[in-house]
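Here is the structure we will look at, set down as structure tokens.
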Protein chains: 2
Amino acid sequence: MVMNDSTSTQAADLDAIFSALGDPTRRALLCQLAKGEASVAQLRAPFEMSQPAISKHLKVLENAGLITRATRGTSRPARLHAAHLSEALGWLEDFRKFWQGNFTQLDTLLASMPQQKED
Amino acid sequence: MVMNDSTSTQAADLDAIFSALGDPTRRALLCQLAKGEASVAQLRAPFEMSQPAISKHLKVLENAGLITRATRGTSRPARLHAAHLSEALGWLEDFRKFWQGNFTQLDTLLASMPQQKED
DNA sequence: CCTCAACATAACCATATGGTTATGAATGAT
DNA sequence: ATCATTCATAACCATATGGTTATGTTGAGG
């Protein structure tokens with residue numbers, strides 16, 4: 001497994017995806033969208049936040065490839081684009097496998113060594 | 001499943017974890033640490049970046065609960081703390097399940113409706 | 001055609017982020 | 001005791017982020 005930038009998933013993608021997920025409002029928006037597509041007004045409803053703020057968050061999610069926008073009249077409904085979410089999942093799962101595989105070795109290694117003071 | 005802040009995982013945790021993962025340097029640091037614990041100097045080696053910059057990144061990772069620090073003499077080696085990584089994984093996997101479950105419904109729903117122009 | 005509704009965009013602001021250089025503190029070695 | 005090494009912290013800077021209000025744009029309906 002390759003754990004650096006030579007992976008098929010571009011580092012910039014992961015930057016955008018993880019950063020997008022780092023905001024609670026945006027995670028909540030994704031949760032709403034998991035129930036189906038929704039307009040800006042609908043997405044805004046649960047929040048005490050201005051409409052432009054929601055539009056900005058949606059743009060961040062769109063740039064991260066996590067949602068797509070349509071145009072239906074004056075409405076611009078958003079919907080999930082799960083492919084990019086799996087990129088983040090993929091990285092984390094790969095990382096977990098890598099770490100877990102290595103952890104076993106490390107564990108074995110530590111067990112065969114004189115005890116060390118940890119701090 | 002609960003997709004909001006009332007989950008056992010605090011929203012603030014996820015904020016910190018995902019934000020921490022949003023930086024390529026920090027992901028690279030985690031990859032290095034997946035091979036085993038490492039000192040600041042060792043972690044710094046692959047980067048063209050000052051030592052304080054690395055220390056700052058390590059603090060971000062530590063605040064996110066993704067690593068722990070030890071103290072061995074003048075060295076302060078870092079090591080992975082995978083439990084918090086699984087929080088991010090957990091959120092993403094839960095989200096995927098939620099979305100996938102709902103996607104089926106949505107798909108069925110759309111199939112039973114008159115065709116709509118998408119944009 | 002006029003107007004309302006639904007958004008987007010611009011301009012602005014405060015704070016956060018990611019880097020730097022300079023300096024300080026603690027430990028190990030001589 | 002001194003000195004070098006390892007790292008943390010402080011101060012600073014440029015840019016990004018997350019919010020606001022004000023305004024522009026575009027399509028639907030009377």
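Nothing here was measured: the structure is a model prediction, and the numbers come from that model. Proteins come first, then strands; the chains are lettered A, B, ... in the order of their sequence lines, and each starts at number 1.
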What does B:Arg44 touch in the nucleic acid at a heavy-atom separation under 4.0 angstrom: a base, only the sugar-phosphate, or nothing?
-> nothing
How about A:Ile67 and A:His81: do any of their side-chain heavy atoms sit closer than 4.5 Å?
-> no
Touch class at under 4.0 angstrom, heavy-atom based, for B:Lys56 against every strand present | base
Which part of the nucleic acid does A:Ser50 contact within heavy-atom distance under 4.0 Å: base, sugar-phosphate only, or nothing?
-> base
Cluster link B:Phe47 to B:Leu61, ILVMFWY, side chain under 4.5 Å | yes
d(B:Asn63 CG, B:Asp13 CG) to nearest 0.5 Å is 11.5 Å
Range on DNA chain D touched by chain A, heavy atoms, distance below 4.0 Å | D:dG18 to D:dA28
Using a 4.0 Å heavy-atom cut-off across all strands, classify A:Ala53 as base, sugar-phosphate, or nothing.
-> base
If you find the nucleotide of DNA chain C closest to A:Gln42 and the one closest to B:Gln51, which residue's nucleotide is nearer the 5' end?
-> A:Gln42
Where A:Arg27 and A:Gly22 come nearest, the two heavy atoms and their spacing = NH1-C, 3.8 Å
At under 4.0 Å, does any side-chain N or O of A:Thr74 touch on OP1 or OP2 of C:dC7?
-> no
A:Ile54 CD1 to C:dT9 C1', straight-line distance once rounded to whole Å = 16 Å
Whichever of A:Pro52 and B:Leu58 has its nearest DNA chain D nucleotide further upstream toward 5' | B:Leu58
Atom pair OG1 (B:Thr68) and CZ (B:Arg76), whose distance is rounded to the nearest 0.5 Å = 10.0 Å
What class does the angle between the rings of A:Phe95 and A:Trp91 fall in, given that below 30° is parallel, 30 to 60° is tilted and above 60° is perpendicular?
-> parallel
Between atom CZ in A:Arg72 and atom P in C:dC7, what is the gap in whole Å?
-> 11 Å
